[in-house]
Amino acid sequence: MTKAAYSLPISDLAPALRDGRLHPVDLLDAYLERIATHDPALSSFVHLNAAARSDAEKAGKEIAAGKWRGPLHGIPIAVKDNYLTQDMPTTAGTAAAGLDLPLRDATAVARLRKAGALMIGKTRMHEYAWGMETPPTRNPRDLSRVPGGSSGGSGAAVAAGLCAAALGSDTGGSIRIPASLCGCVGLKPTFGLIGRGGIVPHSWSLDHAGPLAATVEDAAILTAAMSGPDPDDPAAVGKEAPHWADALESGVSGMRVGVCRRHFFDGLTPDVEDAAERALSSLSAQGARITEFDVPELDGGLGAIFAIELASSTAYHDHRLRDGNVADFSPDVRTLVEIGRFVSGADYLTAERYRRLLGERFAMQFQEIDVVVSPTLPLTAWRVGERRVRVGSEEESVLAVSWRLTYPWNLLGLPAISIPVGNDRSDLPIGLQVAAPAFAEFALLRVAKALEDSFGTLPRVS
């Protein structure tokens, strides 16, 4: 192979493994060497899998015997620390007492193992999937910057070439935020497409499982492998693995691309705004029709999702609150969990009514458009320790600004993807977000791949 294995996407690694030009053990060793060299500074992993080498040896024997399982066979994947795993402990990013999780595979992990993937280790996350920073993990593009959260370890590991891809969870943007800040692809599929059995919950009606990957195609491969029935998740829709290969070659000619300037284009840094406009121009040049629309109800969406998330998280942690086990939570997470006690039943029901209203408004818009395109975040990665950032003329908390453009798609359960579309003047990645109606990942992937072809992918950090 002419390129270092760690720098290649799964779509290139898979044929090399299948044809015997690359052995799973050699690929695993390439990533382990990268981890040993770079992760002391990044701190993206909390655990490495001692069983990974024997799994790689087994995969090599199966492939040599002609028992090829598909494009993930022999591919090392990192797992966010809120997914249960049979061969590694799960801590959900906390050192506080009161957590005792079994050694078994989450449904998504089990599906990846069935597809032949190797679990290389567990990635660091912001405690209990709250927060937008994932301390002490650093951004591989600039070690003075945050990687985003709560799947920051996964985003950093993928961008640094420490694994082929990684799993994340997304309640208000926690896959797409690290993908945008670290410069990789993050896909949040439709609510229920990937079952969440065996994933430590944060908010039952908002949580989504999904991948962070080097390319749009890799994200599609992983999502298809994890999709399907899940007896441990009542919200799982049970759809069989989708076939999206044609979406990656279809282009965008004739597609209707929606732009909602209210909310999604408010308060952007100039570099982010310029990148988004260039992306829209590129889609138009490729034959897409750009249509502007407005949803005034977006103005109240943040209050709705925050009420639902606070109430859900506090309900999950109720026994820890009563037992006093939140005392050792990190201060930011403890505050949020305790605030949830003040969300009343009436507040929660009002938020759910607002969610339904917002869904109806977007359903009407999706009769006229195929996707919605916007920046993923209003800004690029902020410095470690910053609590407030200036975006244009406004100063905002990093919590508020970081999920402002991502949370609507969690509130509505709709699929959304973040892809890199270049860098800002400080050479930090800029992410673009594409969202679509429920189970319209085909349309979403068409647009994402067309943009990736136009703007390229960001190389792994060397």
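- When ring centroids are compared, Trp409 and Phe264 come within the 6.0 Å threshold.
- The number of heavy-atom neighbours closer than 6.0 Å to NE2 of His243, taken from other residues, nucleotides and ligands shown, is 12 or below.
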Worksheet entry | Derivation of the side chain to side chain contact (heavy atoms under 4.5 Å, CB included) call for Leu212 and Ile175 | CA-CA 7 Å; Leu212 293 97; Ile175 288 172; 3.9 Å; yes
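- The closest side-chain donor-acceptor pair between Ser281 and Glu277, if any, does not fall under 3.5 angstrom.
- For the residue pair Lys80/Ser154, the side-chain donor-acceptor check at 3.5 Å is not satisfied.
- Proximity of a side-chain donor or acceptor of Ser227 to a complementary backbone N or O of Thr223 within less than 3.5 Å is detected.
- A side-chain donor-acceptor contact under 3.5 Å links Thr190 and Glu441.
- Counting only heavy atoms from C-beta outward, the side chains of Trp382 and Leu377 approach each other to under 4.5 Å.
- When all heavy atoms of Leu17 and His23 are compared, the closest pair comes out as CD2-C, 3.8 Å.
- Taken to the nearest 0.5 Å, the CG atom of Leu428 stands 10.5 Å off from the OG1 atom of Thr269.
- With rounding to the nearest 0.5 Å, the separation of CD in Gln286 from OG in Ser253 is 9.5 Å.
- Ring geometry for His202 against Trp130 counts as perpendicular: the plane angle is over 60°, on a 0 to 90° scale with 30° as the lower cut.
- For the pair Thr406/Thr376, a side-chain contact is recorded, criterion being any heavy-atom separation below 4.5 Å from C-beta on.
- Two residues are said to be in side-chain contact when any heavy atoms from C-beta on lie closer than 4.5 Å; Ser313 and Leu336 fail this criterion.
- Remark: the backbone N or O of Asn82 is not paired with any side-chain donor or acceptor of Tyr128 at under 3.5 angstrom.
- A donor-acceptor contact shorter than 3.5 Å links the side chain of Asp233 to the backbone of Arg196.
- Between Ile430 and the choices Leu458, Asp271, Asn423, the side-chain contact (heavy atoms from CB on, under 4.5 Å) rule is met once, by Asp271.
- Looking at heavy atoms from C-beta onward, Leu84 lies out of side-chain contact with Val109 at the 4.5 angstrom threshold.
- Taking each heavy atom of Asp81 and Pro89 in turn, the nearest pair found is OD1-O, 3.8 Å.
- Rounding to the nearest 0.5 Å places NZ of Lys239 at 8.0 Å from CG of Leu193.
- With hydrogens and angles ignored, the 3.5 Å screen pairs a side-chain donor or acceptor of Arg141 with a backbone N or O of Gly183.
- In this structure, Arg145 and Leu181 have side chains that are not in contact, with every pair of non-hydrogen atoms separated by 4.5 Å or more.
- Minimum heavy-atom separation, Asn139 to Ala381: ND2-CB, 3.6 Å.
- The backbone N or O of Val333 sits nowhere less than 3.5 Å from a side-chain atom of Glu127 that would complete a donor-acceptor pair.
- Aromatic ring pairs are classed by plane angle as parallel below 30°, tilted from 30° to 60° and perpendicular above 60°; the pair His319 and Tyr316 is perpendicular.
- At most 12 heavy atoms of other shown residues, nucleotides or ligands fall within 6.0 angstrom of atom CD in Glu33.
- Panel note: side chain Ser151, backbone Ser174; a donor-acceptor pair is recorded below 3.5 Å.
- For the atom pair CG of Leu13 and CG of Leu72, the computed distance is 10.5 Å after rounding to the nearest 0.5 Å.
- Looking at His126 and Glu133, their side chains never bring a donor and an acceptor atom within 3.5 Å of each other.
- Heavy atoms only, all atoms of each residue included: Thr137 and Ser43 are closest at OG1-O, 2.7 Å.
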Discussion item. For a side chain to side chain contact (heavy atoms under 4.5 Å, CB included) check, start with the C-alpha distance between Arg113 and Asp55, then their side-chain angles and the critical distance, and finish with the verdict.
Written reply: CA-CA 10 Å; Arg113 288 195 205 269; Asp55 291 343; 4.1 Å; yes
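- Two residues are said to be in side-chain contact when any heavy atoms from C-beta on lie closer than 4.5 Å; Met119 and Leu112 meet this criterion.
- Heavy atoms only, all atoms of each residue included: Ala179 and Val185 are closest at CB-C, 3.8 Å.
- Counting only heavy atoms from C-beta outward, the side chains of Phe45 and Ile120 approach each other to under 4.5 Å.
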Worksheet item: Run the side chain to side chain contact (heavy atoms under 4.5 Å, CB included) check on Thr94 and Leu99 step by step: do they pass?
Response: CA-CA 8 Å; Thr94 189; Leu99 186 69; 3.8 Å; yes
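- Under the 3.5 Å distance criterion, with hydrogens and angles disregarded, a donor-acceptor pair is assigned to the side chains of Ser144 and Arg383.
- Taking both residues in full, the closest heavy atoms of Cys182 and Pro147 are given as SG-O, 3.5 Å, listed atom of the first, atom of the second, then distance.
- Using a 4.5 Å heavy-atom threshold, the side chains of Asn49 and Met88 count as touching.
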Discussion item. Let's go through Leu222 and Ile77 carefully: what are the C-alpha distance in whole Å and the side-chain angles of both, what is the deciding distance for side chain to side chain contact (heavy atoms under 4.5 Å, CB included) to 0.1 Å, and is it a yes or a no?
Written reply: CA-CA 10 Å; Leu222 285 154; Ile77 304 297; 4.0 Å; yes
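- For Thr123 (side chain) and Gly153 (main-chain N/O), no donor-acceptor pair under 3.5 Å exists by modelled atom type.
- Atom CZ of Arg69 sits in a crowded spot, with more than 12 heavy atoms from other residues, nucleotides or ligands closer than 6.0 Å.
- A donor-acceptor distance shorter than 3.5 angstrom exists from the side chain of Asp424 to the backbone of Ser426, with no hydrogens or angles considered.
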Discussion item. Please evaluate residues Asp453 and Lys449 with respect to the criterion salt bridge (charged side-chain N to carboxylate O under 4.0 Å, His left out), reporting the C-alpha separation (whole Å), side-chain torsions for both, the decisive distance (0.1 Å), and the verdict.
Written reply: CA-CA 6 Å; Asp453 289 344; Lys449 184 61 166 63; 2.7 Å; yes
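- Rounded to the nearest 0.5 angstrom, Arg355 CZ and Leu412 CG are separated by 8.0 Å.
- At distances below 3.5 Å, at least one donor-acceptor pair connects side-chain atoms of Asn410 with backbone N or O atoms of Asp170.
- Note that CG of Leu432 and CZ of Arg176 are 12.5 Å apart. Values are rounded to the nearest 0.5 Å.
- Under 4.0 Å is where a charged nitrogen must lie from a carboxylate oxygen, and between Asp105 and Arg111 no such pair does.
- With Thr314 contributing its side chain and Leu310 its backbone, the two residues share a donor-acceptor pair below 3.5 Å.
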